[in-house]
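Inspection log for the structure reproduced underneath, given as structure tokens.
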Amino acid sequence: MPRVVLGAAFVPGGVVRALGAVLPVRAPTLPERVSFAITSSVKIPPAHLLLDWYDRHRRVLPWRSGPGQSADPYHVWLSEIMLQQTTVKAVGPYYHRFLEKFPTVQDLASAERDAVLAAWAGLGYYSRARNLHACAQQVVALGGFPHTVEGLLTLPGIGAYTAAAVAAIAFGVPVVPVDGNVERITARLFAIEAPLPAARKTLAQLGAQLNEGKAAQARPSDFAQALFDLGASLCAPRSPACGVCPWQGHCAGQKTGLAPSLPRRTPKAVKPVRYGVHFLVVDEAAQVLLRKRPETGLLAAMTELPGTEWRTTPWPQAEALRHAPVPADWQPCGTVKHVFTHFTLEVSVFAAQVKRFSNQAGQVGFLAPVGQVASLSLPSVMMKCLKAGLKTLEG
DNA sequence: GAGACGTGGCG
DNA sequence: TCGCCAAGTCT
């Protein structure tokens with residue numbers, strides 16, 4: 001039976017707590033408050049218990065092949081990119097839409113970048129879409145997806161996790177993709193109390209050893225996905241169902257009662273608030289004035305309603321209106337609140353109707369039929385602004 | 001290593 | 001209402 005050795009255990013208040021054992025994980029240099037504990041050894045839980053559970057409870061997902069069937073690398077890769085920091089439920093419609101528009105990696109590679117961005121609109125983390133497109137072109141140039149972790153790692157948008165996931169799921173390479181699920185499962189299995197994100201490296205090294213043993217080595221794809229399913233159901237972040245877990249009795253977190261509180265996380269900094277103003281103007285032909293955001297930074301290259309910069313102080317109405325894209329009878333439409341990863345945005349929305357756009361509008365951006373825009377291709381924050389403006393104009 | 005980078009759902 | 005979190009990557 002393989003044994004895991006741990007490097008470090010987090011010790012609050014300097015109290016040493018016994019946990020893992022030491023080993024392939026080199027003890028990192030830590031702050032003084034954090035002590036190290038070398039402890040009893042921990043065993044890798046039997047993979048066959050998880051695989052048996054998976055065979056009975058596996059989720060049916062659009063990108064998964066049936067039991068025993070080999071997965072399509074394009075489908076696996078596309079789903080893995082979409083699923084980064086994104087829920088299965090949110091991905092579903094986008095995944096189907098993408099395969100309709102871009103049935104093969106060749107179709108995706110030869111598509112316009114803006115068509116890919118438009119299809120991604122609303123899903124978030126838009127660098128994923130730009131990297132997706134670039135990656136597709138590299139894959140086509142290479143004649144197909146690399147079959148190895150190292151090869152996959154050279155592609156844009158593919159990091160350590162995704163390389164391992166595609167290698168394991170599409171090509172049967174015996175590696176463990178360490179994502180948030182596997183981090184959580186690992187932290188619980190070995191009762192790792194060191195908080196994320198500092199403990200990420202330790203958890204990754206431990207998690208990578210979970211497939212030691214014959215059962216897991218024989219089914220790399222299923223083992224990886226079994227870990228995802230366990231993490232998404234029984235070993236969920238809140239209220240884990242340890243009582244029915246296939247690894248019950250092999251889990252230090254369950255034995256100690258710490259499981260529900262693991263993994264621990266270092267408290268996050270408070271989010272600052274930023275303020276912006278955006279304008280919706282519609283002509284009698286029901287066209288709206290839009291513009292393209294800069295190629296880099298937040299919502300890079302995405303479409304937006306014209307507006308101001310997003311600054312740390314609110315915009316008084318008089319000042320806001322000086323930034324209107326065209327002269328018009330602007331009506332206040334209230335504020336839209338939107339939470340980004342690292343700040344909260346409050347947008348004051350103004351709306352106006354004009355008979356027709358003057359040449360001046362062409363300097364601001366471009367026109368698009370409002371009905372077409374409302375159906376897609378705007379990031380969510382801009383969709384909120386659009387709706388707020390339309391509500392005022394219609395009401 | 002820390003910060004940038006979206007969004008929707010849930011308790 | 002609000003904070004937390006989800007199949008991370010890049011700089």
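Just so it is clear: chains get the letters A, B, ... in the order the sequence lines come, proteins before strands, and each one is counted from 1. The shown structure was predicted, so the numbers you read here are calculated from the model rather than taken from an experiment.
Spacing between dG8(B) and dT1(C) at atom C1', rounded to whole Å, works out to 16 Å. The separation of dG6(B) from dC4(C), taken at their C1' atoms, amounts to 15 Å, rounded to a whole angstrom. Spacing of C1' atoms, dG1(B) relative to dG8(C), comes out at 16 Å, to the nearest Å.
As judged by a 4.0 angstrom heavy-atom cut-off over every strand, Arg130(A) is placed among residues making no nucleic acid contact. Contacts of Leu123(A) with the nucleic acid, taken as non-hydrogen atoms under 4.0 Å apart, include base atoms. Within the nucleic acid shown, Lys271(A) has no heavy atom closer than 4.0 Å to any nucleic acid atom. As judged by a 4.0 angstrom heavy-atom cut-off over every strand, Ala300(A) is placed among residues making no nucleic acid contact.
When distances are taken from the side chain of Asn181(A) to each of dA6(C), dC2(C), dT7(B), the shortest belongs to dA6(C). With distances taken from any side-chain atom of Tyr125(A) to the nucleotides dA6(C), dC5(B), dT9(C), the minimum falls on dC5(B). When distances are taken from the side chain of Arg265(A) to each of dG6(B), dA7(C), dA6(C), the shortest belongs to dA6(C).
Both tests pass for Arg293(A) against the ring of Trp310(A): distance under 6.0 Å to the centre and angle within 45° of the axis.
As rounded to whole Å, 12 Å separates atom C1' of dT9(C) from atom CH2 of Trp120(A). Atom CG of Leu196(A) and atom P of dC5(C) are 10 Å apart (whole Å). At whole-Å resolution of the value, NZ in Lys201(A) and C1' in dG1(B) are 11 Å apart. Rounding to whole angstrom units, OH of residue Tyr126(A) and C1' of dT9(C) are separated by 17 Å.
Aromatic ring orientation, Phe279(A) versus Trp330(A): perpendicular (interplanar angle above 60°, classes split at 30° and 60°).
No N or O donor and acceptor, one from the side chain of Thr86(A) and one from the base of dG8(B), sit under 3.5 Å apart. At a cut-off of 3.5 angstrom, counting only N and O atoms as typed in the model, there is no donor on one side facing an acceptor on the other between the side-chain of Arg200(A) and the base of dA2(B). With hydrogens and angles ignored, no donor-acceptor pair under 3.5 angstrom links the side chain of Ser380(A) to the base of dG6(B).
Separation of the Phe340(A) and His342(A) ring centroids does not fall under the 6.0 Å cut-off. Taking the six-membered ring for Trp and the full ring otherwise, the centers of Tyr125(A) and Trp120(A) sit at least 6.0 Å from each other.
Along DNA chain B, the nucleotide nearest Pro197(A) and the nucleotide nearest Gly297(A) are compared for position; the residue whose nucleotide lies closer to the 5' end is Pro197(A).
Ionic pairing of Glu284(A) and Arg356(A) is not present here: no N-O contact between side-chain nitrogen and carboxylate oxygen is shorter than 4.0 angstrom.
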